[in-house]
Amino acid sequence: MTEPTKDQKIWQVVAAIPAGRVASYGQVAHMAGLGRQARYIGRALGKLPEGHAIPWYRVIRSDGRIAFPIGSEAFEVQARSLREEGVEVVNGRVAMRRYGWNPSVPG
DNA sequence: GTGTTGACCCTTA
DNA sequence: GTAAGGGCCAACA
């Protein structure tokens, strides 16, 4: 049994985000043990295979903004997916103050 | 081997 | 509250 790769570790952390909550790239990177490699998160999510069950749309920037430019296709998919889980998205932004994922205080 | 790029973060203005 | 600049680290050409 080989240890999980960084990508798998990241996917595992992302998959651990409960529905209706969002986490920032830095937070995921830290929990995955990558430290400041927040940039790697986006790269790992970009390598997601087909048929995956990873809620990549629950990962946003630390500012609460979606990482994609407003109006882009990926942006709409992410925003729509978040709304379906009860997360309010306004002006391409999420109120992390309310929807931010806190492992110590699960849903 | 070097140089550029990137689904970012932090500090400062 | 938003905007701009600098920095960090791994993958890619």
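The sequence lines fix the lettering, A, B, ..., with proteins before strands; numbering per chain opens at 1.
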Asks: Between A:His30 (NE2) and B:dC8 (C1'), how many Å, whole number?
Replies: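 In whole Å, B:dC8 C1' lies 16 Å from A:His30 NE2.
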Asks: In whole angstroms, how far is the P atom of B:dC10 from the CD atom of A:Gln27?
Replies: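 Rounded to the whole Å, the gap is 11 Å.
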Asks: Classify A:Arg43 by what it touches in the nucleic acid, base, sugar-phosphate, or nothing, heavy-atom distance under 4.0 Å.
Replies: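 Contact class for A:Arg43: base.
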Asks: Would you say A:Arg36 reaches B:dC9's phosphate, i.e. side-chain N/O to OP1/OP2 under 4.0 Å?
Replies: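 No, A:Arg36 has no side-chain N/O under 4.0 Å of OP1/OP2 on B:dC9.
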Asks: For A:Ile10 and C:dA10, give me the distance from atom CD1 to atom C1', rounded to whole Å.
Replies: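 Value for this atom pair: 11 Å.
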Asks: Considering only side-chain heavy atoms of A:Leu45, which listed nucleotide, B:dC8, B:dA7, C:dC9, is closest?
Replies: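 In terms of side-chain proximity for A:Leu45, the closest of B:dC8, B:dA7, C:dC9 is B:dA7.
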Asks: Separation of A:Gln37 atom CD from C:dC9 atom P, in whole Å?
Replies: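 Whole-Å distance recorded here is 8 Å.
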Asks: Any side-chain N or O of A:Arg61 under 4.0 Å from OP1/OP2 of B:dC8?
Replies: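 For A:Arg61, the contact criterion (side-chain N or O under 4.0 Å from OP1 or OP2 of B:dC8) is met.
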Asks: Once rounded to the nearest 0.5 Å, what's the spacing between atom CD1 of A:Ile10 and atom CH2 of A:Trp56?
Replies: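 Those atoms lie 16.0 Å apart.
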Asks: Report the distance from atom CE of A:Met96 to atom CZ of A:Arg21, rounding to the nearest 0.5 Å.
Replies: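 Atom-to-atom, A:Met96:CE and A:Arg21:CZ are 11.0 Å apart.
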Asks: What is the distance from NZ of A:Lys6 to P of C:dC9, rounded to the nearest Å?
Replies: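 Between P of C:dC9 and NZ of A:Lys6: 12 Å.
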Asks: Report the residue (A:Ser24 or A:Arg39) whose heavy-atom-nearest nucleotide on DNA chain B is the more 5′ of the two.
Replies: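 Its nearest nucleotide being more 5', the pick is A:Arg39.
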Asks: Compare every heavy atom of A:Ala15 with every heavy atom of A:Pro55, then report the nearest pair and how far apart it is.
Replies: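 Heavy atoms of A:Pro55 and A:Ala15 come nearest at CD-CA, 3.8 Å.
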Asks: To the nearest 0.5 Å, how far apart are OG1 in A:Thr5 and NZ in A:Lys47?
Replies: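 One finds 7.5 Å between OG1 of A:Thr5 and NZ of A:Lys47.
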Asks: What closest approach, in Å, do A:Ile70 and A:Asn91 show between heavy atoms, and which atom pair accounts for it?
Replies: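 Minimum heavy-atom separation between A:Ile70 and A:Asn91: CD1-O, 3.7 Å.
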Asks: For A:Tyr40 and C:dA11, is the shortest distance between a side-chain N/O and OP1 or OP2 below 4.0 Å?
Replies: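 True: A:Tyr40 side-chain N/O within range (under 4.0 Å) of C:dA11 OP1/OP2.
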Asks: At what distance, to the nearest 0.5 angstrom, does CD1 of A:Ile41 lie from CZ of A:Arg39?
Replies: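 Reported to 0.5 Å precision, the distance equals 12.0 Å.
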Asks: Tell me which residues in residues 62-96 of chain A lie within less than 4.0 Å of DNA chain C, going by non-hydrogen atoms.
Replies: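 Residues of residues 62-96 of chain A under 4.0 Å from DNA chain C: A:Arg65, A:Arg93.
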Asks: So, does A:Arg83 use its side chain to make a donor-acceptor pair with the main chain of A:Val89 at under 3.5 Å?
Replies: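 Pair found, side chain donor or acceptor close to backbone of A:Val89.
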